[in-house]
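Contents: one structure, followed by commentary.
Throughout, a chain's letter reflects where its sequence line sits, starting with A, and its residues are numbered from 1.
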Protein chains: 4
Amino acid sequence: MARNPRLRDHVAKGLLDTAARVLAERGEQAGMTDIAEAAGVARATLYRYFPNRDALLEALTETALAELAERIADAHLDTVPIPEAIARLTRAMVGATSKYRGLVIFRKPPDVAKEADRHFTGPLGDLFARGAAEGAFRQDLPPTVLVELYIALLEGAISRVLQGRLGTEEASTAITKVFLQGALNGRNGSGPPGL
Amino acid sequence: MARNPRLRDHVAKGLLDTAARVLAERGEQAGMTDIAEAAGVARATLYRYFPNRDALLEALTETALAELAERIADAHLDTVPIPEAIARLTRAMVGATSKYRGLVIFRKPPDVAKEADRHFTGPLGDLFARGAAEGAFRQDLPPTVLVELYIALLEGAISRVLQGRLGTEEASTAITKVFLQGALNGRNGSGPPGL
Amino acid sequence: MARNPRLRDHVAKGLLDTAARVLAERGEQAGMTDIAEAAGVARATLYRYFPNRDALLEALTETALAELAERIADAHLDTVPIPEAIARLTRAMVGATSKYRGLVIFRKPPDVAKEADRHFTGPLGDLFARGAAEGAFRQDLPPTVLVELYIALLEGAISRVLQGRLGTEEASTAITKVFLQGALNGRNGSGPPGL
Amino acid sequence: MARNPRLRDHVAKGLLDTAARVLAERGEQAGMTDIAEAAGVARATLYRYFPNRDALLEALTETALAELAERIADAHLDTVPIPEAIARLTRAMVGATSKYRGLVIFRKPPDVAKEADRHFTGPLGDLFARGAAEGAFRQDLPPTVLVELYIALLEGAISRVLQGRLGTEEASTAITKVFLQGALNGRNGSGPPGL
DNA sequence: AATGAATGAGGGTTCATTCAT
DNA sequence: TATGAATGAACCCTCATTCAT
């Protein structure tokens with residue numbers, strides 16, 4: 001009785017996990033039926049935990065973003081040079097998102113914008129802002145565009161990881177390498193340090 | 001009666017155009033009703049031309065890919081150096097897709113794989129194969145991965161163009177620059193040294 | 001083709017008839033399923049004619065009230081003395097409503113108020129206003145209360161007719177007699193001694 | 001343990017009170033959830049006292065009718081003349097029902113018939129039987145019909161009281177007056193001219 | 001050939017009811 | 001005993017698809 005809320009949260013988490021998996025497999029058009037079925041509960045039970053489909057999706061997004069934020073925080077991006085920071089960020093995101101399927105995280109911008117901005121664009125924006133301030137990036141493209149391209153690479157990589165067309169490590173390494181070489185400022189002749 | 005097939009094809013083309021427009025406007029969840037309505041015909045008529053929704057989407061993909069292939073062919077990629085080829089290819093793709101909305105072109109991979117491979121992976125694969133043969137690409141990543149990343153960038157760029165977050169030219173230029181600097185082999189003195 | 005609208009209206013009328021019957025039988029909580037089933041069509045077909053449950057109920061009410069209004073108009077209440085007018089009105093209403101079940105006509109006041117006022121309260125109000133003006137009614141009760149009681153009698157009578165506990169004629173006669181003797185002005189020496 | 005049944009009955013009574021209140025407020029479509037919530041117990045607890053919704057409604061009706069019967073008994077209808085008896089009866093019923101909301105008492109006839117007949121039709125039937133025997137009622141309508149009309153007036157009055165369209169006293173007085181004048185035997189020279 | 005009409009299957013949601021603690 | 005959790009059945013509604021004209 002004392003850990004009733006605990007239990008409840010635990011079940012809810014389990015349902016979210018299942019939902020993540022099912023949405024990843026069947027696509028965003030998977031129905032409540034599919035999710036409930038996959039979770040081994042009745043549809044009505046699913047509704048006990050999430051009052052409607054949107055609530056579930058929202059909770060899913062929130063969870064995914066929270067996990068992501070935690071990983072990003074753990075990476076202490078602000079204590080290392082830009083290249084290393086991007087390498088860490090990439091690994092964090094590709095790793096974290098393999099579970100929550102890119103499509104969920106990178107869903108309709110208006111829908112997630114609020115939460116995403118809080119958890120995600122924040123740190124990422126900080127990182128790129130620092131890079132720009134340090135003159136680490138190439139000067140012929142605005143940092144905002146670089147951010148967009150980086151996210152595009154991430155999305156693509158995550159999507160391919162989820163499809164099994166790329167391994168997690170392989171994908172992380174590849175986009176880190178390509179993006180760093182492609183985006184960093186090569187003026188010091190040095191180039192990014194080895195990964 | 002002799003040009004019945006002609007006429008039929010012509011009408012089908014018109015329906016596909018409408019479908020492309022409606023799907024672009026209303027998103028992939030636009031219904032047959034919307035399409036038929038927008039085309040000014042009855043739903044049943046739409047079904048006379050495309051036996052079911054999937055057939056329509058397939059035809060749409062096919063058409064889009066064909067248009068794309070034409071543009072790519074027109075670019076004569078094989079007559080110019082790799083960097084220029086990639087620049088042309090990028091412009092062609094970003095430009096072409098504005099009509100058929102990325103989501104249609106880059107639909108569920110298993111669905112489109114067949115057609116895409118025929119029209120699209122073909123030339124694109126040729127290009128990257130030539131690049132690999134010429135040693136134009138960095139050696140620490142397999143060409144297939146580079147192709148994936150390139151496509152990821154394209155998808156992201158197109159998506160952002162469609163959302164109005166990036167201009168067509170801006171997007172083309174940016175991904176060309178970043179991808180080239182990031183993917184090309186820097187041994188010829190340019191770019192940062194290999195990672 | 002020419003009588004397409006005709007046909008459509010005809011079918012819609014049929015569905016309304018069935019709906020009236022089913023709602024009368026199963027009560028207001030009868031579902032779209034019941035109605036469609038009773039009409040021998042698929043539920044989706046029912047929705048072709050009435051976009052949702054409320055629309056159907058509204059149409060039903062409207063139809064019932066229209067029929068009622070027609071009957072009332074035919075009765076030319078303003079050409080006869082009050083007692084005869086009330087007798088006619090009663091017959092008209094009890095007769096008309098046997099089909100559309102009182103519950104439909106006398107539904108939630110806020111819901112039907114608009115239409116009801118237009119068709120129904122109008123003539124009825126006129127009649128009682130005239131009666132009041134002529135001094136036909138007893139003076140110890142306000143005419144508005146008399147209207148309410150009259151309607152209450154009507155509702156009760158109709159309900160009992162629908163339940164088969166009273167015959168149509170029997171009910172009409174009874175409430176006419178009782179209401180007239182009870183509501184008319186007995187100044188002509190009649191009426192039981194005062195309470 | 002000895003007064004377990006006592007306690008049980010006491011709780012059940014409390015639940016019925018709450019149910020009466022909630023049903024009066026939210027209408028007959030109030031759910032078990034609403035009732036349990038308003039009573040401050042879990043839904044399952046409600047089910048321990050009333051095995052299902054119908055049982056609860058039945059118990060509610062039973063209670064209401066019992067209360068009614070008590071009031072009627074208190075009125076000692078058989079000790080006063082018919083007109084006074086009807087006046088008392090009317091006040092008793094209109095007053096009593098404010099709590100149990102007419103809709104509960106006058107529910108689907110087949111459902112309540114059993115109970116109603118036992119508690120309610122009994123005394124009321126007795127009253128009208130006496131009236132008929134005394135020759136108090138008009139002779140041109142059978143007493144059974146008069147009973148029906150009287151109940152119809154009661155229902156209507158109660159309903160209007162509950163809707164706030166009529167005051168309790170106002171309603172009681174009005175239907176008493178109208179019904180008496182309308183139903184009593186006018187042999188003493190009264191009555192409106194023949195229809 | 002084109003269409004209005006009809007439909008079955010499914011989607012989200014609610015609610016009375018049962019189960020297990 | 002009281003309760004939170006779980007559930008199945010039903011409801012309203014939509015949409016891709018088929019039928020008959």
Side-chain angles (χ1 to χ4, degrees), chain A residues 1 3-5 7-8 10-12 15 29-36 39-57, chain B residues 1 4 7-8 11 15 29-36 39-57, chain C residues 1 3-5 7-8 10-12 15 29-36 39-57, chain D residues 1 4 7-8 11 15 29-36 39-57:
Chain A
M1 201 81 95
R3 58 203 234 271
N4 215 329
L7 184 62
R8 183 182 177 84
H10 184 247
V11 174
L15 290 176
Q29 38 90 330
M32 296 297 264
T33 307
D34 305 274
I35 295 171
V41 301
R43 241 176 19 260
T45 302
L46 193 51
Y47 277 94
R48 261 188 69 69
Y49 289 87
F50 307 98
N52 54 47
R53 187 175 214 275
D54 270 11
L56 188 151
L57 259 54
Chain B
M1 215 53 128
N4 217 332
L7 183 59
R8 179 176 183 87
V11 173
L15 290 176
Q29 36 91 329
M32 297 296 266
T33 306
D34 306 276
I35 296 171
V41 302
R43 251 186 351 259
T45 304
L46 191 52
Y47 277 92
R48 283 193 65 73
Y49 287 86
F50 307 97
N52 54 45
R53 189 176 213 273
D54 270 12
L56 187 153
L57 258 55
Chain C
M1 202 77 99
R3 60 201 233 271
N4 216 330
L7 184 61
R8 181 179 180 87
H10 184 247
V11 174
L15 291 175
Q29 36 91 331
M32 296 297 265
T33 307
D34 305 273
I35 296 170
V41 302
R43 242 178 11 262
T45 302
L46 192 50
Y47 278 95
R48 261 187 70 68
Y49 288 87
F50 307 97
N52 54 46
R53 188 178 212 274
D54 269 12
L56 187 151
L57 258 57
Chain D
M1 214 56 125
N4 217 331
L7 183 61
R8 181 178 180 85
V11 174
L15 291 176
Q29 39 90 335
M32 296 298 265
T33 306
D34 305 275
I35 295 170
V41 302
R43 252 190 343 261
T45 304
L46 191 53
Y47 276 93
R48 282 193 65 73
Y49 288 87
F50 306 98
N52 55 44
R53 189 177 213 274
D54 269 11
L56 187 153
L57 257 54

Next on the checklist: Rounding to an integer number of Å, can you tell me how far C:His10 NE2 sits from E:dA5 P?
Outcome noted: 14 Å
Checklist entry - Rounded to the Å, how far apart are D:Leu46 CG and F:dT1 C1'? => result 15 Å
Item to check | Test side-chain contact (heavy atoms from CB on, under 4.5 Å) applied to A:Arg43 and A:Thr33, A:Ile35, A:Asp34, the passing residue | outcome: A:Thr33
Side-chain polar contacts of residues 44-56 of chain C - donor-acceptor pairs under 3.5 angstrom, sequence neighbours left out - could you list them?
residue : atom : partner : partner atom : Å
C:Asn52 : OD1  : C:Asp54 : N            : 3.2
C:Asn52 : OD1  : C:Ala55 : N            : 2.8
C:Arg53 : NH2  : C:Glu28 : O            : 3.2
C:Arg53 : NH2  : C:Ala30 : O            : 2.2

Checklist entry - Between C:Arg8 (CZ) and E:dT3 (P), how many Å, whole number? => result 17 Å
Checklist entry - With sugar-phosphate meaning primed atoms plus P, OP1 and OP2, does D:Phe50 contact a base, only sugar-phosphate, or nothing at under 4.0 Å between heavy atoms? => result nothing
Checklist entry - Reading DNA chain E 5' to 3', what string of ( ), [ ], | and . shows its pairs, if Watson-Crick and G-U wobble pairs count only when both distances fall under 3.5 Å? => result .||||||||||||||||||||
Checklist entry - To the nearest angstrom, how far is A:Leu56 atom CG from E:dG11 atom C1'? => result 15 Å
Checklist entry - Could you walk me through whether C:Leu15 and C:Val41 pass the side-chain contact (heavy atoms from CB on, under 4.5 Å) check? => result CA-CA 9 Å; C:Leu15 291 175; C:Val41 302; 4.3 Å; yes
Item to check | Phosphate OP1/OP2 of E:dA5 contacted by C:Tyr49 side-chain N/O (<4.0 Å) | outcome: no
Item to check | Sugar-phosphate, base or nothing in reach of A:Val41, heavy atoms under 4.0 Å | outcome: sugar-phosphate
Item to check | Per-nucleotide protein contact string for nucleotides 16-21 of chain F (B base, S sugar-phosphate only, - none; heavy atom under 4.0 Å) | outcome: BBB---
Checklist entry - What's the CD1-P distance between C:Ile35 and F:dA10, to the nearest Å? => result 17 Å
Next on the checklist: On DNA chain F, compare the nucleotides closest to A:Ala42 and D:Gly40; which residue's is nearer the 5' end?
Outcome noted: D:Gly40
Next on the checklist: With a 4.0 Å cutoff (strictly under), does any side-chain N or O of A:Thr45 reach OP1 or OP2 of F:dT7?
Outcome noted: yes
Next on the checklist: Which nucleotide wins on minimum distance to the side chain of D:Arg48, given the candidates F:dA5, E:dA1, F:dA2?
Outcome noted: F:dA2
